[in-house]
Each structure stands twice: as C-alpha cells, then as structure tokens.
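Quick notes on the structure that follows.
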Amino acid sequence: MAEVRLEHVTKRWGAFVGVADFDLTIADREFLVLLGPSGCGKTTTMRMIAGLEDATSGSIYIGDRRVNDLDPKDRDVAMVFQSYGLYPNMNVYENIRFPLKVRKVPASEHDERVRRASAMVELDAFLHRKPAELSGGQRQRVALARAIVREPTVFLMDEPLSNLDAKLRVSTRAQIKNLQHELKVTTIYVTHDQIEAMTLADRVVVMNKGVIQQVGTPTEIYDDPANTFVAGFIGSPAMNLMEGKVERGVFVGQNVRVPGVSTKEGPATLGFRAEDASLVMEGAGERPGEIVAPIYTLELLGDATMITVRAGGALVSVKAHKDYRAEIGDMVGIRLAPELCHLFDAESGARLT
Ligand code: ATP
C-alpha cells in the first residue's frame with residue numbers, strides 16, 4: 001500500500017517538453033486515470049513512475065521513498081501493457097509464476113499464489129494452455145494475473161484494453177475495477193478513451209501537450225470542465241462550444257442569443273451539454289435563448305435521437321426523444337437553459353462561469 005507523489009516532474013528531450021511540471025499526489029488505494037489525446041505525455045508520465053524513463057527534473061516518491069534513482073525492479077510496481085508481453089513458450093501457469101521466480105519468492109509459496117491470482121481473473125481452466133491458444137481477452141487476463149501475483153504496492157496500466165473488441169473491453173473494464181477494489185492497490189491507468197476514464201477512475205487527470213489541464217472526479221470534470229480543451233474532450237458527444245461575444249449580459253453568436261449568461265462583456269465561448277438543451281416543437285425562435293437552424297444530421301442512438309445543427313460557427317448537438325423523426329434540412333429550434341451554460345474566455349479557453 002502506498003501513496004505516489006510527483007513533485008514538479010518534467011521530461012525534456014532536447015528542446016521538446018514531453019511532460020511539463022507534473023505535480024500531483026495520488027492517494028493510497030486510489031484509482032487514478034491519466035487521460036488525453038495521443039502524444040499528450042500520459043505514457044511518459046507512467047514510464048517515469050515505473051523507472052523506464054528518467055525525469056529531467058522533479059521528484060517521484062512511492063510511499064516515503066524517493067525513487068528517482070531506483071531501478072524499475074526495486075520500485076515494487078507492476079505494469080500491464082496494451083501488448084500483453086507474455087512468454088510464448090511458457091504456458092499460462094508458468095507465465096503467471098515467472099515474476100515470483102525472478103523475485104526469488106520461496107518456491108513453497110508459488111503454487112498457492114499463482115492459483116489465487118489466476119482464480120481472480122477466472123483463468124483456472126486455462127493454466128496449461130500456451131498464449132497462442134488463448135483469445136485476446138484471455139491473454140490480457142494472464143497479463144493481469146501476472147501483475148496481481150506479485151502483490152505490488154502500485155499497479156501501472158497502459159491502455160490495457162485497447163487490443164480487445166468493444167464487448168470484451170466493457171467486461172474486462174468491469175473486471176479491472178472490481179479487482180482494484182478487492183486488492184486495494186494504488187492504480188495509475190493510462191487511456192485516451194474518456195469513457196474508460198470516467199467509468200474506472202476515482203480521479204481523472206486530463207492532459208494536453210504535456211500539461212495537466214484538470215484533475216478531478218469524473219463528475220467534476222464532466223460538470224465543471226476547467227477549460228475548452230477539457231469541455232471538448234470529455235463526454236459523448238463532447239460539450240457544444242460556440243464562439244460569440246457577451247453584450248449587456250446576452251451571449252450573441254451566429255444565429256444564437258442567450259440572455260442571462262454573464263456580466264462580463266466581450267468575446268467569449270459558450271458551452272452546454274447535449275442533454276441540457278431541448279428541442280422546441282412549436283414557435284421556435286419566438287423566445288430569446290433559442291437557436292433556430294436547419295438539421296445538419298440526425299442519429300438514432302436507441303435511447304435518444306441526436307439532432308445536430310450548425311450554430312455559433314460550430315456543430316451543436318441536442319438529444320431529442322427516441323421516437324423523434326425529422327429530415328436533414330428541416331428547421332428546428334433548440335432552447336438553452338442559461339443556468340446550465342458555461343462561459344469560457346475566448347483567448348485562454350479558461351472557464352469563466
Ligand atoms: P499515446 O496515447 O499516443 O501513447 P501519450 O500521451 O502516451 O500518447 P507519450 O508517449 O507520453 O504520449 O509521448 C509524449 C510526447 O513525447 C510525444 O510527442 C512523443 O512524440 C514524445 N516522445 C516520447 N518519447 C520520446 C523520445 N524518446 N524522444 C523524443 N520525444 C519523445
């Protein structure tokens with residue numbers, strides 16, 4: 001059990017900054033997810049914690065120990081990668097036992113620990129198979145069992161679900177969440193998939209271009225994104241963002257006027273979630289706070305119909321009733337609730353309200 005602390009950790013390669021001033025304490029037993037687009041520095045952060053990459057500056061602590069100068073094998077962390085990294089010539093049992101041999105754990109403990117770890121990921125029936133005789137999901141579970149068997153103080157997982165098909169991803173995700181709850185091991189998990197982040201994390205770190213954009217619970221980053229980057233990255237669909245300006249408390253954008261949003265005057269970006277707006281069936285455009293525009297596209301989601309229009313210089317989506325039907329090009333009205341809208345600084349993107 002251990003807290004993991006990164007103090008002003010920076011990674012540079014020449015003039016290029018891969019990770020800039022990463023400063024965060026991950027609580028003992030916390031499930032922390034690093035989330036961001038390709039190249040934002042998630043894997044580099046993880047590799048610095050694991051000891052596979054040196055930090056250019058800053059300190060990394062696992063528990064009370066500063067680990068910057070410790071070899072990966074002495075940090076007591078177990079990593080699970082996207083490519084499972086199994087030994088093809090060993091069967092499942094031997095693959096799971098391998099870390100115990102390397103660590104010179106007494107042989108008398110091996111069998112019990114391997115069986116306990118394999119039972120946790122439901123691999124009991126496959127112990128004699130070779131990796132080539134397993135499905136992708138089963139291989140990933142061997143990789144998980146091999147991390148579990150070590151009983152490490154920290155789990156580091158780098159996109160462990162990316163090679164699985166959609167259905168298996170959902171079930172393995174649930175299994176990882178449940179395992180972490182059972183084992184109570186501090187876990188740092190890297191993904192570019194915001195659904196994975198939202199469903200697994202106690203807290204999410206959203207990164208972009210090496211810089212932390214926001215740290216918060218999934219609810220915090222969904223409801224109160226710190227800036228337009230987070231707003232545009234989190235949620236499916238992401239938050240609607242429209243350019244415009246505030247004039248005497250009214251947000252004015254291309255074919256949209258929303259009163260009562262802010263007292264700050266000048267250029268701004270208005271944001272709202274698809275589920276926080278409603279379609280106006282009759283008399284569209286008669287009241288302020290409504291967008292009137294032709295339908296750009298219409299998607300049936302099963303539990304709702306997603307209507308997208310062009311407004312404020314952007315595509316704007318709202319959720320309508322699942323039985324709502326219309327044609328592309330039909331005029332619709334969308335009503336925004338000013339109290340559910342966010343306003344962002346037009347230049348920095350930082351949230352104003
Ligand atoms: P992905 O989701 O694609 O794996 P990531 O967020 O994990 O992306 P990193 O692998 O951490 O991103 O890379 C961060 C940045 O650092 C990228 O722009 C990458 O090109 C750069 N980078 C990574 N390793 C090196 C290296 N050895 N030398 C120079 N630049 C590097």
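All values below come from the heavy atoms of this structure, side chains included, with hydrogens, waters and symmetry mates left out. In listed order, ligands and their atoms are each counted from 1.
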- request: To the nearest 0.5 Å, tell me how far Arg139 CZ sits from Arg129 CZ.
  value: 11.5 Å

Protein residues having a heavy atom less than 4.0 Å from any atom of ligand 1: Trp13, Phe16, Pro37, Ser38, Gly39, Cys40, Gly41, Lys42, Thr43, Thr44, Glu159

Lys NZ or Arg CZ of Arg273 over Tyr222 ring: under 6.0 Å, within 45°: yes

- prompt: Charged N to carboxylate O under 4.0 angstrom, Glu265 versus Arg248?
  reply: no

- prompt: When you check the gap from the basic side-chain N to the acidic O, do Glu247 and Arg257 get nearer than 4.0 Å?
  reply: no

task: Answer yes or no on whether Lys245 is positioned over the face of Phe251, meaning its NZ or CZ is under 6.0 Å from the six-membered ring centre and within 45° of the axis.
output: no

query: Can a salt bridge be assigned to the pair Asp111 and Arg115 using a cut-off of 4.0 Å between side-chain N and carboxylate O?
result: yes

